[in-house]
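Encoded as structure tokens, the structure appears first; notes follow it.
Keep in mind that the numbers below use all heavy atoms, side chains included, and drop hydrogens, waters and symmetry copies. Along the sequence shown, the residues carry numbers beginning at 1.
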Amino acid sequence: HQHLLRSMDALMDHQDAVDDVVAGLLRPLIDQDLSLVFYDLTTIRAAGLTEQTDDVRKYGMSKSGLIERQFMLGVVQTAEGLPIYHEVFDGNQSESPTLLPTLKKVLARFAQIKRLIVVADRGLLSLDNVDELRKVMLPSGQALEFILAVPGRRYGEFAKTLKEFQSKVTDAQEEVIDETRWNELRLVIAHNPEQAREQTKLRRERIAAIRAKANQWAGKLDGQDAGDVNRGRKLSDSGAKARLYREVSEEHLARIIKVDLKTELFSYAIDEAAQAQAELMDGKLLLVTNVPDQTPVEVVKRYKSLADIERGFRVLKSEIEIGPIHYRLPERIRAHATICFIALILYRVMRSRLRAEDAVAPFDVVEIDLQNPLLAEELLQQHRQQQFLALARQVAFAREKQVLGELLRDRRAAADLDRAPLGVGVLFESLGREFFGLGVALPGLFYGVPFHTVVVDEVVVLGGDHGALQVVGDLRVGQ
């Protein structure tokens, strides 16, 4: 453990050199003429109560909606899902001020990009951000372009525009996309009628449920005043107001249901104008952009691709297990984030290569052309990290032994084997002992590894407990 910690310290001592090497490996994978990148932040929970100098572990609102001790991780990735930059921020850091400094570092690291379009989520839109982003110039002389989502809390500023737009979508059954101008920028508006109906329905149901409770409490108070005796504790006006206020706050309906906390008697009111405005916003997506050559439909499509970065965050938190962290020192937290970020890059590159046309992907059914095979599709055991799934066809044990034995005894290169077509899918979870009982000594890395699937074509091993291996080139079967 101490050696690991010292290695993390050494990583931070050479952080700039490591970043340069990683950037150099990523540059060939990035489109230089037009790069679309996504930026977002997530929260990583931190354990421990100690305080350190320049500590990044701060108490803040986590993505799960709870107040936790955490640090924030910002990630930039391309449209192809390739992470290209990350940075660690304090756990109570506001999101919007992180956007511009991060983009400037990305541009400095990948100066060969001639045109860059940045897509960012709702929490990153601010007037200061917009003004500063419009001033940023790329090394090529091209202005930085952006697509930013308007946060829901600011929809009120666009109420007049939305009312005009609403008249076009009243009877819409499919998504409607239009655009207008806002502060000399394009404002793209999308309306999803199905989502709007669902949001309106849920809000009305929540309001009705709260009104039912409020009327029940009001009836109990009136009964008490009339001398009725009820089971349980006596309800007071202040207690009823506190209950109702808590219910309204938990349902995020404080703008619609107004609880009067100053009066002595229990009372509340429904702000119908606020409810109508909230329903006006339902199903809406507002995007601010300066991209000149893309249609409103293309702009919306670009923004919706931002969901892929959320999948990257899920990989970090599940498969890679970035948190919760138990390190105390800020530099070791940054080292931990760097290691996990590099792991995410490897994960995405490996996934991309497995999906390539000339790769054998573990998600495809392995085709078997054997004489009189017993074919039955079976879903193999899911990989521990739930990523490498293989589908194989089960064949007769004797025929598998015969073919594998011949291949392993024949020391010709795998590339020289007859490929019209040749492939053997083996269920090693059930046949492992039988296979190793052939009397053939398996060499090096292969020996003793509990494979899930082996495809004898080039010689590819997928889904072992030690990761995914691909062996190509001049490897000879049996050697």
Side-chain angles (χ1 to χ4, degrees), residues 43 59-68 92 94-96 122-123 125-127 149-167 169-172 189 191-286:
T43 56
Y59 285 96
M61 182 67 71
S62 70
K63 293 296 182 179
S64 60
L66 302 175
I67 301 296
E68 294 181 338
N92 58 357
S94 175
E95 293 187 10
S96 58
R122 291 174 170 86
L125 178 70
S126 69
L127 293 177
V150 178
R153 65 179 182 276
R154 296 191 58 180
Y155 277 18
E157 302 174 23
F158 303 89
K160 182 179 179 181
T161 301
L162 289 175
K163 286 180 180 178
E164 296 174 356
F165 176 73
Q166 186 66 23
S167 62
V169 301
T170 303
D171 300 323
I189 308 173
H191 174 75
N192 186 326
E194 183 178 351
Q195 183 182 13
R197 286 190 292 269
E198 185 66 21
Q199 290 178 339
T200 300
K201 177 184 175 183
L202 290 176
R203 183 186 298 106
R204 289 179 178 178
E205 289 176 351
R206 285 154 46 205
I207 292 174
I210 290 178
R211 293 187 69 171
K213 290 183 179 180
N215 292 336
Q216 180 183 358
W217 294 330
K220 186 174 181 178
L221 289 171
D222 291 340
Q224 289 178 173
D225 293 341
D228 295 342
V229 178
N230 299 308
R231 296 179 60 184
R233 296 179 61 182
K234 186 177 181 180
L235 182 64
S236 65
D237 287 275
S238 58
K241 287 188 290 184
R243 286 188 186 183
L244 180 59
Y245 183 78
R246 183 170 61 253
E247 291 277 349
V248 170
S249 299
E250 289 177 352
E251 293 293 342
H252 304 286
L253 293 172
R255 294 184 179 181
I256 298 175
I257 303 178
K258 308 291 186 180
V259 183
D260 193 345
L261 299 175
K262 296 181 179 180
T263 61
E264 294 184 1
L265 299 178
F266 172 64
S267 65
Y268 70 95
I270 303 295
D271 190 333
E272 295 182 357
Q275 183 176 352
Q277 182 171 341
E279 293 180 359
L280 179 66
M281 313 299 178
D282 288 341
K284 302 294 192 300
L285 172 64
L286 275 64

- Query: Would Arg243 and Leu235 count as a side-chain contact (heavy atoms from CB on, under 4.5 Å) if you check the C-alpha gap in whole Å, the side-chain angles of each, and the deciding distance to 0.1 Å?
  - Reply: CA-CA 11 Å; Arg243 286 188 186 183; Leu235 182 64; 4.2 Å; yes
- Given the rule in the side-chain contact (heavy atoms from CB on, under 4.5 Å) test, do Glu157 and Val150 qualify, once you have shown the distances and angles that lead to the verdict? CA-CA 10 Å; Glu157 302 174 23; Val150 178; over 6 Å; no
Any chance you could measure [X], atom [atom1], to [Y], atom [atom2], to the nearest 0.5 Å?
| X | Y | atom1 | atom2 | answer |
| --- | --- | --- | --- | --- |
| Ser236 | Phe266 | OG | CZ | 11.0 Å |
| Ile210 | Asn215 | CD1 | CG | 12.0 Å |
| Ile67 | Tyr59 | CD1 | OH | 11.0 Å |
| Ile270 | Ile257 | CD1 | CD1 | 4.5 Å |
| Ser167 | Leu162 | OG | CG | 11.0 Å |
| Leu244 | Lys241 | CG | NZ | 11.0 Å |

- Taken in chain and number order and not counting sequence neighbours, the residues that satisfy salt bridge (charged side-chain N to carboxylate O under 4.0 Å, His left out) with Glu247 are Lys213
- Task: Determine whether more than 12 heavy atoms belonging to other residues, nucleotides or ligands lie under 6.0 Å from atom CD of Glu205.
- Result: yes
- Walk me through it: do Arg203 and Asp282 pass the test salt bridge (Lys or Arg N to Asp or Glu O under 4.0 Å)? CA-CA 10 Å; Arg203 183 186 298 106; Asp282 288 341; 2.7 Å; yes
- Item | Arg211/Ile207 under side-chain contact (heavy atoms from CB on, under 4.5 Å): CA gap, chis, key distance, verdict | CA-CA 6 Å; Arg211 293 187 69 171; Ile207 292 174; 4.0 Å; yes
With the side chain counted from C-beta on, respond yes when [X] and [Y] share a heavy-atom pair under 4.5 Å apart, and no when they do not.
| X | Y | result |
| --- | --- | --- |
| Phe165 | Lys284 | yes |
| Asp271 | Gln275 | no |
| Gln224 | Leu221 | yes |

- Tyr268: what forms a ring-ring contact (aromatic ring centres under 6.0 Å, His included) with it, not counting sequence neighbours?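 ring-ring contact (aromatic ring centres under 6.0 Å, His included) check on Tyr268 returns nothing, list empty.
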- Message: Donor-acceptor check, side chain of Thr170 to backbone of Gln166, threshold 3.5 angstrom: yes or no?
- Response: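 Answer holds: yes.
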- If every non-hydrogen atom of Ala172 is compared with every non-hydrogen atom of Pro193, which pair is closest and at what distance?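 Distance-wise, the nearest heavy atoms are O-CB, 3.4 Å.
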- Item | Stepwise side-chain contact (heavy atoms from CB on, under 4.5 Å) check, Leu286 with Phe158 | CA-CA 9 Å; Leu286 275 64; Phe158 303 89; 3.7 Å; yes
Could you list the donor-acceptor pairs under 3.5 angstrom formed by side chains in residues 248-255, with sequence neighbours left out?
residue	atom	partner	partner atom	Å
Ser249	OG	Tyr245	O	2.9
Glu251	OE1	Arg206	NE	3.0

- Message: As a test of understanding, state which of Arg197, His191, Gln199 forms a side chain to side chain contact (heavy atoms under 4.5 Å, CB included) with Gln195.
- Response: Gln199
